[in-house]
Amino acid sequence: MTMTKEQKDNLFILVKSLSKSEKRQFKLYVGRLGVNEDSKFLTLFNILDKLKTYDEAVILKKGVVKKQQLSNVKAHLYKQILISLRLNPSHQNVRIQIREQLDFATILYHKGLYKQSLKILDKAKNLAIANEEKNAAYEIVELEKVIESQYITRSISNRADELTIQAKDLSLQNVLASKLSNLSLQLYGLFLKTGYVKNDQDHKMITQYYQDRLPVYDINKLGFREKLWLYKAKLWYSFLTVDFLSCYKYASKWVNLFYDNKDMILLNPVFFLRGNHYLLEALFYLNKYEKFREALINFEAVTQEKWFPLDDNNAALTFLYIYNNKFNLHFIQGSFVDGLPLIDEVLEKLKDYQNRIDEHHIMVFYYKIASMYFGAGENRKCIYYLEKIISNKSLQMREDLLCFSRILNLVAHYEAGLDYNLDVLIKSTYKFLIKMEDLYEVQIEFIKFLRGLGDIFPNQVKGEFKKLHKKLKEYENDPYQSRAFLYLDIISWLESKIENRPIGDIVREKFKARGSTQQ
């Protein structure tokens, strides 16, 4: 086995993810099983618990299991840990309770205790419907139908009709929810792959794609779950088509849906977190500073409430979304130097969450860190973090992120006075960009500008900056082209060059000017 493979051993990762109380409970659970103290799987658990990295040779050296037994013992231990976790109160939620009741009812049914089975199923079904767990509710109705067909209860004469209608209703709602969730996922996938639409042709294509797949629905007949998927699909369509006002509208509907159904926050915390993140993103793009700040404060306050379910997954997502937006708050204000302490905080937390945050999101953090350093005038540190993105060969996502990392890298090299390899950098950036299928006009103009930089005298540079600034200003209000400025505020950078002032001052002045017009 190679080292990289060993590092990714699933059982080892699961053992390492356990909290102290979960480990204690696992040992108590094994004790209750009456398993012999020196049973193989418990000993293996203790060995894995002590290891820093997974190493099969070390495990076999202990002489607990022979090589040919190891995979069976590991599989058994994995299953026992999962059973123990399922019994842990911190992992008990309505979804697991419904499944458990369904299991109990199935056991009673197989024992021929039909009446008791139906009683449990009825309770579980009501719980499922109340909590929008309609797939589970459908499964329960199907089992009720099986039991009723074998054991005719005399209590309700129209029982068969009632169950048939209920099954049909649930089935229709499940199909609708499935179509909406499919559409939402497909649009999200498109967004990750291509980013925002760049022209009318793209816009038409995405709109056609969206309209062909949007199912017919009556908003008044939709439950919480169906509305959630509908708002998600509409939100992704709005993001793709660069309609940030609609993004704000549907993200607000999504978040308010949770505030109107507080219990759903407990049952679907991930969707609640994501809805808030998209709400903040829309406000950031719309430059609504006060609303953005307020929404961020409210969001962080809810995640710190005692009742908010912060398991490992939710804690990682909460960190991801809140800190992303804390960066954005500084970017809106132009307070880059004030934002520098955030960087150490984020890098520290990234260590804690490294197994739970995917690489794409880590790279987004690096881009934000680089942008913060760039704004604060610390260009070499900016280059250090951009290099992590540019040299990452396994990153398949978000072409636009890779593209702007390269452009910012060029600008930072220029700013840092690292001109000795600027020609090489310009060439490699240019090569990378022409491989991209559809560039923003902004990027094309910038590349032309950079290519010409080598042929002019230093005293002419400011004049070239002015020319590029004039050209790019034309794109500032273009619905497609202006998106390029979301990744990199080239216009403010050019103004800082022309006026010979720090970029932070320029952004701050614009922010204050916007504040006075937004009053």
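What you are looking at is a predicted structure, and each value in this text was computed from that prediction instead of being measured.
With sequence neighbours excluded, the residues forming a ring-ring contact (aromatic ring centres under 6.0 Å, His included) with Tyr188 are Trp236, listed by chain and number. Under the ring-ring contact (aromatic ring centres under 6.0 Å, His included) criterion, Tyr248 pairs with no residue at all, not counting sequence neighbours. Asn46 is linked by a side chain to side chain contact (heavy atoms under 4.5 Å, CB included) to Lys27, Leu42, Lys50, counting only residues two or more places apart in sequence or in another chain. Under the side-chain hydrogen bond (donor to acceptor under 3.5 Å, both in side chains) criterion, Arg99 pairs with Glu139, not counting sequence neighbours. For the side chain to side chain contact (heavy atoms under 4.5 Å, CB included) test, no residue two or more places apart in sequence or in another chain qualifies with Lys61. Residues satisfying the salt bridge (Lys or Arg N to Asp or Glu O under 4.0 Å) criterion with Lys67, sequence neighbours excluded, are Glu56. Shown here are the ring-ring contact (aromatic ring centres under 6.0 Å, His included) partners of Tyr78, two or more places apart in sequence or in another chain: there are none.
Side chain of Ser184 to backbone of Leu180: no donor-acceptor contact under 3.5 angstrom is found. In this structure a side-chain-to-backbone donor-acceptor pair under 3.5 Å is missing from Lys388 to Tyr366. Under the 3.5 Å distance criterion, the side-chain polar atoms of Asn131 are left unmatched by any main-chain donor or acceptor of Glu133. Of the possible polar contacts, none joining the Gln208 side chain to the Met205 backbone as a donor-acceptor pair under 3.5 Å is found. Side chain of Asp55 to main chain of Ala57: a donor-acceptor pair is present (N/O by atom type, distance under 3.5 Å, no hydrogens or angles). Asn256 places no side-chain N or O within 3.5 Å of a backbone atom of Tyr259 that could act as its donor or acceptor partner.
Between His76 and Phe41, the ring-plane angle classifies as perpendicular under the 30° and 60° cut-offs. Ring orientation note: the planes of Phe308 and Phe272 are tilted relative to one another, at an angle of 30° to 60°.
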Name every donor-acceptor pair, under 3.5 Å, that has one atom in a side chain of residues 119-128 and the other anywhere in the protein, sequence neighbours excluded.
from: Lys125; atom 1: NZ; to: Glu144; atom 2: OE1; distance (Å): 2.8
from: Lys125; atom 1: NZ; to: Glu144; atom 2: OE2; distance (Å): 3.4
from: Lys125; atom 1: NZ; to: Gln166; atom 2: OE1; distance (Å): 2.9
from: Asn126; atom 1: ND2; to: Asp122; atom 2: O; distance (Å): 3.3

Below 3.5 Å, can you tabulate the donor-acceptor pairs from side chains in residues 168-179 to any protein atom, sequence neighbours excluded?
from: Gln173; atom 1: OE1; to: Lys134; atom 2: NZ; distance (Å): 2.7
from: Asn174; atom 1: OD1; to: Arg225; atom 2: NH1; distance (Å): 3.0
from: Asn174; atom 1: OD1; to: Arg225; atom 2: NH2; distance (Å): 2.8
from: Asn174; atom 1: ND2; to: Lys134; atom 2: O; distance (Å): 3.2
from: Asn174; atom 1: ND2; to: Asn135; atom 2: OD1; distance (Å): 3.4
from: Asn174; atom 1: ND2; to: Leu170; atom 2: O; distance (Å): 3.3

Ignoring hydrogens and angles, write down the donor-acceptor pairs under 3.5 Å from the side chains of residues 100-113, residues two or more places apart or on other chains.
from: Thr106; atom 1: OG1; to: Leu102; atom 2: O; distance (Å): 2.7
from: Tyr109; atom 1: OH; to: Gln150; atom 2: OE1; distance (Å): 3.4
from: Tyr109; atom 1: OH; to: Gln150; atom 2: NE2; distance (Å): 2.9

Pairs under 3.5 angstrom only: tabulate donor-acceptor contacts from the side chains of residues 314-327 to other protein residues two or more places apart or in another chain.
from: Asn314; atom 1: ND2; to: Pro309; atom 2: O; distance (Å): 2.6
from: Asn314; atom 1: ND2; to: Asp311; atom 2: OD1; distance (Å): 3.3
from: Thr318; atom 1: OG1; to: Asn314; atom 2: O; distance (Å): 2.7
from: Tyr323; atom 1: OH; to: Glu345; atom 2: OE1; distance (Å): 2.5
from: Asn324; atom 1: ND2; to: Leu320; atom 2: O; distance (Å): 3.2
from: Asn325; atom 1: ND2; to: His277; atom 2: ND1; distance (Å): 3.3
from: Asn325; atom 1: ND2; to: Tyr321; atom 2: O; distance (Å): 2.8
from: Lys326; atom 1: NZ; to: Glu300; atom 2: OE2; distance (Å): 3.3

Q: Show your working on side chain to side chain donor-acceptor pair (under 3.5 Å) between Arg95 and Asn268 and close with a plain yes or no.
A: CA-CA 10 Å; Arg95 215 167 268 133; Asn268 303 285; 2.9 Å; yes

Q | Pair Val255-Tyr278, side-chain contact (heavy atoms from CB on, under 4.5 Å): steps then yes or no | A | CA-CA 9 Å; Val255 169; Tyr278 296 133; over 6 Å; no

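Tyr285 and Glu281 form a side-chain donor-acceptor contact under 3.5 Å, judged by distance and modelled atom types alone. A donor and an acceptor atom, one from each side chain of Thr207 and Tyr237, are located under 3.5 Å apart. Side chains of Asp200 and His203: a donor-acceptor N/O pair is absent below 3.5 angstrom, by distance only. Side-chain contact annotation: Asn182 with Gln186, donor-acceptor N/O pair under 3.5 Å absent. One side chain, Asn328 or Lys368, offers a donor N or O that lies under 3.5 Å from an acceptor on the other.
With respect to Glu148 and Lys145, no salt bridge is recorded, no charged nitrogen being found less than 4.0 Å from a carboxylate O. One finds a salt bridge joining Glu290 and Arg293 here, because a Lys/Arg side-chain nitrogen approaches an Asp/Glu carboxylate oxygen to under 4.0 Å.
Across every non-hydrogen atom of Trp254 and Phe271, the tightest pair is NE1-O, 3.0 Å. Taking all atoms of both residues into account, the shortest heavy-atom contact from Ser405 to Ile390 is O-CD1, 3.9 Å. In this structure, Leu60 and Val65 approach most closely via the heavy-atom pair CD2-O, 3.6 Å.
In this structure, the ring of Trp229 has its center no less than 6.0 angstrom from the ring center of Phe224.
For residues 123-150, there are no ring pair (Phe, Tyr, Trp, His ring centres under 6.0 Å) pairs, not counting sequence neighbours.
Under a cutoff of 6.0 Å and an axis angle of 45°, Lys288 and Phe244 do not form a cation-pi pair.
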